[in-house]
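Structure, as structure tokens:
Letters go in sequence order (proteins before strands), and every chain restarts at 1. All heavy atoms count here, side chains included; hydrogens, waters and symmetry mates do not. As the structure is a prediction and not an experimental result, all values here were calculated from the model.
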Number of protein chains: 2
Amino acid sequence: MLGPMSDPVIPSQRKRGRPRKAALPNVGTAALRRAGLHVRAVERLRAMIVQGELAPGTALIEGDLAQGLGLSRTPLREAVKLLAQEGLIELRANRSACVRSLDAREILELFEALAGLERLAAELAARRLTPAGLRRLEELQTTIEREHAAGRREAYYAANRAIHRAIVESAENRPLAQAHAALLGRAEQARFLALRLAHRWEESLAEHREILAALAARDSERAGRLLADHVAHTAHTVTRALAAGAPPSGTPTGDAALMSMP
Amino acid sequence: MLGPMSDPVIPSQRKRGRPRKAALPNVGTAALRRAGLHVRAVERLRAMIVQGELAPGTALIEGDLAQGLGLSRTPLREAVKLLAQEGLIELRANRSACVRSLDAREILELFEALAGLERLAAELAARRLTPAGLRRLEELQTTIEREHAAGRREAYYAANRAIHRAIVESAENRPLAQAHAALLGRAEQARFLALRLAHRWEESLAEHREILAALAARDSERAGRLLADHVAHTAHTVTRALAAGAPPSGTPTGDAALMSMP
DNA sequence: ATGGCAGATATTGTATGCAGTTGCGAAAAA
DNA sequence: TTTTTCGCAACTGCATACAATATCTGCCAT
């Protein structure tokens, strides 16, 4: 097993009460270095799932996964349950958990919810955005356009994620931001699946500019509507791309079929 | 410790490989009887926190809690982390987790987000509600009015919860419903704190009737707005009640101070 | 040949043990 | 009496051990 796993850190399990210092030389993103192992596992697994390294339908064998990540089953199980709550993993009682597969219906629902949340966030942000916040959004937009011009796909998507997140943060509402973050993981997974097929870069950039203009003008209603439309467009692109390269997906799609994309 | 714990089920730990059948005679809600222990722990703990049995600020000692619930620390830890993701519990590295305390700001944010989600849900529901679904909502409203007339507070709140949930479910959007459920836990906690002080029963009933009318008329925009306003009213009532019976709560409120209510 | 059953194996669910860290209290110094 | 420091007890975090359950394989009966 352990098929699509790219980085089998520490393949052999440490045996007993032995030095665990410097065990994972270079793991996660940044400051979560000294956070509990289960947090690192969550980050790592989420990245692997979202980026398709663990394809939808893949069974997650606790023992193998734990060994692959260089930790024991205890923190791994905690991570798996957290990701299940986030909707990235499906828990099956007394059976291996597995990466949830995305069918067209779920993707539509996901983006519909996301659009609603971002609309709400934009409306609030239009009222609460500080001049500094607005400047930051404009900087991010500049970054996006620069990366787009340079054709750097990964950086483009990262910046895109960042500006959406920044808008939501500008709403100054923690619970809203958390709900948004929870959905975003799954949406990113869907977007990643469709990523190679459809880009829509130019339209997306233009829409962003309009949204920023509405925010700057404090036009709450318009900012909300524009952002919701923007997300909806993305959803259409993603579902169309998936429909083109995958089974009709009226059925739950069962397994890794969705991954069979050029 | 274990202060406010009311029901120390199975006080003594089972020793080893012994019959665990019929261990917890009547635990949770319903069909989660045969689900993993951590699921039961989540349900149990959530109920205890929401209903104030575990006051905000209370330290959650894993060993004691596990013993109190009749299980070991492993599934308990999983439950605690799940509830932390839900925002009911605050995790402190290498220290006991504790029940998160609610300050006025957070309560406002919470209900603001909730209002936004329910508005979205109502708009979708107005478009998708089936005749059967509408009938069900009307039945729930009848139940609420009956319980109100009978003065049965608990039943009233349960039915109230049910109709809000039902509206959200009528939107036919799973991710949205999940996000809503996650926020609802904390909101219920806040409402419970203020419960004894302010009721607002009549206004609430009238608002419900208007919402149902808008849904029946398929007036998506109006249904959304009414529901959002309804939630906002509840938020005002809750925060006003808390402000009256608790410290100004400009500061994080530190501990169980909020519980000091008549 | 095919269907179903029995043993064997693999994998989850739960409990327990052990090491590291934190906080608290007691004792000593000012 | 007040303050500082050291030591101890408690608790968390992680790993592992053990029990329960599901899956798989091959054999036997039809």
> Rounding to a whole Å, what distance do you find between A:Q67:CD and C:dA10:P?
Replying inline: 14 Å

> Starting at CD of A:E62 and ending at P of C:dT14, how long is that distance when rounded to a whole Å?
Replying inline: 11 Å

>> Test of understanding: with ring-ring contact (aromatic ring centres under 6.0 Å, His included), list the residues that count as partners of B:H164, not counting sequence neighbours.
In response: B:H208, B:H230

>> Side chain of B:I61, heavy atoms from C-beta onward: which of C:dT14, D:dA15, D:dC11 has the nearest atom to it?
In response: D:dC11

>> Going by side chain to side chain donor-acceptor pair (under 3.5 Å), name the pairs with one or both residues in residues 170-184 of chain B, residues two or more places apart or in two chains.
In response: A:E112-B:N173, B:E118-B:H180, B:R174-B:Q178

>> Please list, in numerical order, the residues of residues 82-96 of chain B that have a heavy atom closer than 4.0 Å to any atom of DNA chain D.
In response: B:N94, B:R95, B:S96

>> Please enumerate all residues that pass side-chain contact (heavy atoms from CB on, under 4.5 Å) together with B:L108, with sequence neighbours excluded.
In response: B:T239

> Who passes side-chain contact (heavy atoms from CB on, under 4.5 Å) against A:A158, sequence neighbours left out?
Replying inline: A:R161

> DNA chain D: B:T74 or B:L60, which has the more 5' nearest nucleotide?
Replying inline: B:L60

> Can you tell which of D:dA17, D:dA15, D:dT12 lies closest to the side chain of A:R73?
Replying inline: D:dA17

>> In this structure, how many angstroms lie between the P atom of C:dT12 and the CD atom of A:E78, rounded?
In response: 16 Å

> Is any side-chain nitrogen or oxygen of B:R77 closer than 4.0 Å to OP1 or OP2 of D:dG13?
Replying inline: yes

>> For residues 83-96 of chain B, which residue pairs pass the side chain to side chain donor-acceptor pair (under 3.5 Å) check, not counting sequence neighbours?
In response: B:R46-B:E86

> Rounded to whole angstroms, how far apart are CG on B:D64 and C1' on D:dA10?
Replying inline: 10 Å

> Is there side-chain contact between A:R186 and A:I107, with heavy atoms separated by less than 4.5 Å?
Replying inline: no

> Once you round it to whole Å, what is the distance between C1' of D:dA10 and CG of B:L65?
Replying inline: 15 Å

